[in-house]
Trainee: 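Here's a structure for you.
Just so it is clear: chains get the letters A, B, ... in the order the sequence lines come, proteins before strands, and each one is counted from 1.
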Amino acid sequence: MQYWLMKSEPDEVSIDDVLAAPGHTVSWFGVRNYQARNFMRDAMRPGDGVLFYHSSCAQPGVAGLAEVASAAYPDATQFAAGGKYHDPKATPEQPRWSAVDVRALRKTRLLPLAEMRTIPALEDMLLLQKGSRLSITPVSAGQWNAIVKLLGAGAASLEGSDPRV
DNA sequence: GCCAACGTTGGC
DNA sequence: GCCAACGTTGGC
């Protein structure tokens, strides 16, 4: 079991959007960074915990808890000629980009980026490192537990009695 | 809108 | 393999 932080622009896909989707699940497509792709393709497993982070918005920060809901599969948008995510060098035989399904578990209070920066237990988070821009980053168990604690009782564990919405 | 920082591309 | 140019990210 591993933990991840995944960034989404709420104008595109917010935690509310995922909770409103069928099965509270969406396909995480459109990643076009090799490091982020490698995390999805090589390291993510169904059931991994996900901090759902809102980026490029007025109030950047962790907005909810989610989980990885599938193994990685080829991102279909890479094959769509004329589409925003088209990659002319990708073919169905030799796909370049991967996606996973992500299921929202619950919306939390917003944990602002500025607050995260003040918490000693989080100082090593990749998200907080200078110049870090990766849209998917691994989160340690200690960082996960510290954040879940900050977000309040009931969020303490993904394996809890009923953490789902 | 600004701009620092990073990733990718492509000429050489 | 180097590195300049360009594009993107994302906080502020």
Trainee: Would you mind reading off the bend of the helix from B:dG1-C:dC12 to B:dC12-C:dG1 from its two end axes, five pairs each, to 10 degrees?
Mentor: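 The end-segment axes of the helix from B:dG1-C:dC12 to B:dC12-C:dG1 are tilted 10° relative to each other.
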Trainee: I need the A:Arg133 CZ to A:Gln35 CD distance, nearest 0.5 Å.
Mentor: 10.5 Å
Trainee: Between A:Ser132 and A:Leu126, is there a donor-acceptor pair closer than 3.5 Å when you use the side chain of the first and the backbone of the second?
Mentor: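 Checking the backbone N and O of A:Leu126 against the side chain of A:Ser132, a donor-acceptor pair under 3.5 Å is found.
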Trainee: Could you write nucleotides 2-12 of chain C as a row of B, S and -, 5' to 3', where a protein heavy atom under 4.0 Å of any base atom gives B, of only sugar-phosphate atoms gives S, and otherwise -?
Mentor: -----BBBBS-
Trainee: Under 3.5 Å, side chain of A:Gln143 to main-chain N/O of A:Ser140, donor-acceptor pair present?
Mentor: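 Side chain of A:Gln143 to backbone of A:Ser140, a donor-acceptor pair under 3.5 Å: yes, one is there.
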Trainee: Tell me whether the centres of the aromatic rings in A:Phe52 and A:Trp4 are closer together than 6.0 Å.
Mentor: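 No: the rings miss the under 6.0 Å criterion.
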Trainee: If you pin A:Lys89 and A:Gln35 to their nearest nucleotides in DNA chain B, which one's is more 5'?
Mentor: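 Looking at DNA chain B, the more 5' nearest nucleotide goes with A:Gln35.
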Trainee: I want to check something: taking the side chain as every heavy atom from C-beta on, are A:Ser55 and A:Glu9 in contact at a cut-off of under 4.5 Å?
Mentor: yes
Trainee: So, do A:Phe39 and A:Asn33 sit near enough that their side-chain heavy atoms are less than 4.5 Å apart?
Mentor: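 Sidechains of A:Asn33 and A:Phe39: no contact.
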Trainee: Answer yes or no: is there an ion pair linking A:Arg32 with A:Asp75, defined by an N-O contact shorter than 4.0 Å?
Mentor: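 Here A:Arg32 pairs with A:Asp75 in a salt bridge, since their nearest N and O are under 4.0 Å apart.
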Trainee: Considering all heavy atoms of both residues, which atom of A:Phe79 and which atom of A:His86 are nearest to each other, and what is their separation?
Mentor: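 Reported closest heavy-atom pair: C-CD2, 3.8 Å.
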